[in-house]
Engineer: 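Would you mind keeping the following structure in view while I ask a few things?
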Amino acid sequence: MYIVFEGIDGSGKSTQIQLLKEWLEANGLSVETFVEPTDSEVGKLIREVLQRPNAQTEEVQKTLALLFAADRMLLMDKLEDESKIIISDRSFISSLAYQEPVEWVEVLNKYAKKPDLIILLDLDVAKSVSRTSGEDTFENEEFLARVRGNYLNIVKNYEHQIINANNGVNKVSSDIKKAVAPYLGICPDCIR
């Protein structure tokens, strides 16, 4: 199973992925995690470009869309491993939510693996900004409000669960477990 965590910056994806991984492994399942961008040379370049002051311009957005698609393709073979549950911190869904123009991003990601389940950690935009460093040009309320709206529309086209990420870490973790459990044949009522 391929599970993807999505959400605006500061929504707790990294923390929740680790908690879900530990819980699934405690239930005897084999789990592998990935993060986008990867640690590849392409991923390093993406991180560098994202820090530039002009990162939100149309030209840079198109370049980032290309780079993210290339970085994502480096993971495709690993995402096909059906012997494990694969959990990814972001996917092409992030590109659709964050980058423009959407038509361009869709074409670039035509061959990207579709998630079996998207966990959208839905967070209030003001809380998102308060949780981030503010160093990234994308960490502002106006931009993140648009991205949050994009996410809520995009996930309608995929198997998904929306989790309220405004709650505390333990409540969010419990909600995620209850959302994921039925997909894996685990009793959701047995989860605390």
Side-chain angles (χ1 to χ4, degrees), residues 1-27 29-47 49-50 64-99 102 105-106 108-123 128 131-132 136 138 144 147-148 150-163 165 169 172-173 175-184 186:
M1 179 170 205
Y2 175 39
I3 302 171
V4 171
F5 276 67
E6 295 286 359
I8 60 176
D9 299 354
S11 60
K13 292 179 302 300
S14 300
T15 299
Q16 294 302 329
I17 287 169
Q18 184 60 36
L19 292 171
L20 180 62
K21 179 180 192 276
E22 290 169 6
W23 178 71
L24 292 172
E25 288 175 338
N27 278 281
L29 299 166
S30 179
V31 180
E32 187 165 3
T33 60
F34 296 101
V35 63
E36 290 190 14
T38 68
D39 289 332
S40 72
E41 292 302 314
V42 178
K44 291 174 186 171
L45 180 57
I46 290 169
R47 286 186 183 85
V49 172
L50 285 171
L64 280 168
L66 283 165
L67 291 171
F68 270 106
D71 189 48
R72 192 166 291 125
M73 292 313 293
L74 298 173
L75 289 175
M76 286 303 107
D77 286 344
K78 295 175 183 175
L79 298 180
E80 296 298 330
D81 186 350
E82 294 184 13
S83 69
K84 301 175 183 174
I85 294 172
I86 297 171
I87 305 173
S88 181
D89 183 339
R90 300 204 183 276
S91 71
F92 74 94
I93 303 295
S94 287
S95 290
L96 292 171
Y98 276 86
Q99 296 165 336
V102 172
V105 176
E106 287 173 339
L108 293 176
N109 288 281
K110 180 179 178 180
Y111 298 106
K113 182 168 176 63
K114 308 296 185 265
D116 296 311
L117 176 63
I118 297 169
I119 301 292
L120 176 59
L121 297 179
D122 188 31
L123 181 67
S128 167
R131 289 181 179 179
T132 59
D136 190 321
F138 298 96
L144 290 172
V147 171
R148 179 179 177 264
N150 290 346
Y151 268 128
L152 291 169
N153 285 322
I154 292 165
V155 297
K156 293 176 186 175
N157 299 315
Y158 300 91
E159 186 69 28
H160 70 280
Q161 296 287 328
I162 298 175
I163 305 294
V169 171
V172 173
S173 178
D175 291 346
I176 291 168
K177 291 172 189 174
K178 288 177 182 174
V180 170
Y183 292 91
L184 301 172
I186 299 170

Engineer: Can you give me the closest heavy-atom contact between R90 and G7, atom names plus distance?
Structural biologist: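 Smallest interatomic distance, heavy atoms only, reads NH1-O, 3.1 Å.
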Engineer: Just by modelled atom types, is the A112 backbone N or O under 3.5 Å from a matching donor or acceptor in the K114 side chain?
Structural biologist: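 The answer is yes, because a donor-acceptor pair under 3.5 Å joins these two groups.
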Engineer: Please find the pair of heavy atoms, one from Q99 and one from V105, that lie closest to each other, and give the distance.
Structural biologist: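 That closest heavy-atom pairing would be CB-CG2, 3.9 Å.
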Engineer: Counting C-beta onward and ignoring hydrogens, is there a side-chain heavy-atom pair between E6 and V155 closer than 4.5 Å?
Structural biologist: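 No - every pair of side-chain heavy atoms lies 4.5 Å or more apart.
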Engineer: I want to check a possible cation-pi pair here: K110 against F92, using under 6.0 Å from ring centre and within 45° of the ring axis as the test.
Structural biologist: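 Geometry flag: not set, cation outside 6.0 Å or 45°.
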Engineer: From L67 CG over to R72 CZ, what is the distance, rounded to the nearest 0.5 angstrom?
Structural biologist: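 Going from CG on L67 over to CZ on R72, the span is 11.0 Å.
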Engineer: With a 4.5 Å cut-off on side-chain heavy atoms, are K78 and I86 touching?
Structural biologist: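 The answer is no; the side chains never approach within 4.5 Å.
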Engineer: Just do the side-chain hydrogen bond (donor to acceptor under 3.5 Å, both in side chains) check on D71 and T38 with the steps written out, would you?
Structural biologist: CA-CA 7 Å; D71 189 48; T38 68; 2.4 Å; yes
Engineer: For the CZ atom of F5 and the OG1 atom of T33, what is their distance to the nearest 0.5 Å?
Structural biologist: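 Spacing of CZ (F5) from OG1 (T33) equals 11.0 Å.
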Engineer: Please round to the nearest 0.5 Å and tell me the distance separating atom CG of L152 and atom CG of L120.
Structural biologist: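 Those atoms lie 6.0 Å apart.
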Engineer: How close do Q161 and L117 get, heavy atom to heavy atom, and via which atoms?
Structural biologist: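 Heavy-atom minimum between the residues: CG-CD1, 4.0 Å.
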Engineer: Counting only N and O atoms by type, is there a donor-acceptor contact under 3.5 Å from the side chain of D116 to the main-chain atoms of I3?
Structural biologist: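 No: the side chain of D116 does not pair with the backbone of I3.
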Engineer: With sequence neighbours excluded, tell me which residues meet salt bridge (charged side-chain N to carboxylate O under 4.0 Å, His left out) with K84.
Structural biologist: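 Salt bridge (charged side-chain N to carboxylate O under 4.0 Å, His left out) list for K84, sorted by chain: E32, D81.
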Engineer: With side-chain contact (heavy atoms from CB on, under 4.5 Å) as the criterion, how do W23 and I186 come out once you've worked through the C-alpha distance, each side chain's angles and the decisive distance to 0.1 Å?
Structural biologist: CA-CA 11 Å; W23 178 71; I186 299 170; 3.9 Å; yes
Engineer: Under 4.5 Å between any side-chain heavy atoms of I176 and L19, yes or no?
Structural biologist: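 The answer is no; the side chains never approach within 4.5 Å.
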Engineer: Stepwise, does the side-chain contact (heavy atoms from CB on, under 4.5 Å) test hold for L64 with Y98?
Structural biologist: CA-CA 10 Å; L64 280 168; Y98 276 86; over 6 Å; no
Engineer: Would you check if the side chain of R47 reaches a backbone N or O of V42 as a donor-acceptor pair within less than 3.5 Å?
Structural biologist: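 Here the side-chain-to-backbone pair does not exist.
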Engineer: Nearest 0.5 Å, what's the CD-OG distance between E106 and S95?
Structural biologist: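 These two atoms lie 11.5 Å from each other.
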Engineer: Between R131 and G10, what is the shortest heavy-atom contact and its length?
Structural biologist: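 Taking R131 first and G10 second, the nearest heavy atoms are NH1-O, 2.8 Å.
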Engineer: Are any of the side-chain heavy atoms of V172 and T15 separated by less than 4.5 Å?
Structural biologist: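 No, their side chains stay 4.5 Å or more apart.
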Engineer: Side chains of S91 and E36: do they bring a donor and an acceptor to under 3.5 Å?
Structural biologist: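 E36 and S91 do not have a side-chain donor-acceptor pair below 3.5 Å.
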Engineer: Who are the salt bridge (charged side-chain N to carboxylate O under 4.0 Å, His left out) partners of D122, not counting sequence neighbours?
Structural biologist: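 Listed in chain order: R148.
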Engineer: Looking only at heavy atoms, which two atoms of S88 and Y2 are closest? And how far apart?
Structural biologist: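 Shortest heavy-atom separation between S88 and Y2 comes out as CB-CE1, 3.9 Å.
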Engineer: Rounded at 0.5 Å granularity, tell me how far OH in Y151 sits from CG in L123.
Structural biologist: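 It comes to 12.0 Å.
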Engineer: Has D89 got a side-chain atom pairing as donor or acceptor with V35's backbone, closer than 3.5 angstrom?
Structural biologist: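 It does not hold such a pair.
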Engineer: Do you know the tightest heavy-atom contact between A97 and V147?
Structural biologist: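 A97 and V147 have their closest heavy atoms at O-CG2, 3.7 Å.
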Engineer: Might you confirm whether atom CD of E82 has over 12 heavy atoms from other residues, nucleotides or ligands at distances under 6.0 Å?
Structural biologist: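 No, CD of E82 has 12 or fewer neighbouring heavy atoms, counting only those of other groups under 6.0 Å.
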Engineer: Distance from D175 atom CG to I162 atom CD1, nearest 0.5 Å?
Structural biologist: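 Here the interatomic distance stands at 13.0 Å.
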Engineer: I want to check something: taking the side chain as every heavy atom from C-beta on, are L24 and L184 in contact at a cut-off of under 4.5 Å?
Structural biologist: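 SC-SC contact between L24 and L184 confirmed.
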Engineer: Hey, does the side chain of S11 reach the backbone of I8 with a donor-acceptor pair shorter than 3.5 angstrom?
Structural biologist: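 Confirmed, S11 side chain pairs with I8 backbone.
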Engineer: With sequence neighbours left out, write down each residue that passes salt bridge (charged side-chain N to carboxylate O under 4.0 Å, His left out) with K21, or none if nothing qualifies.
Structural biologist: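 K21: salt bridge (charged side-chain N to carboxylate O under 4.0 Å, His left out) contacts with E25.
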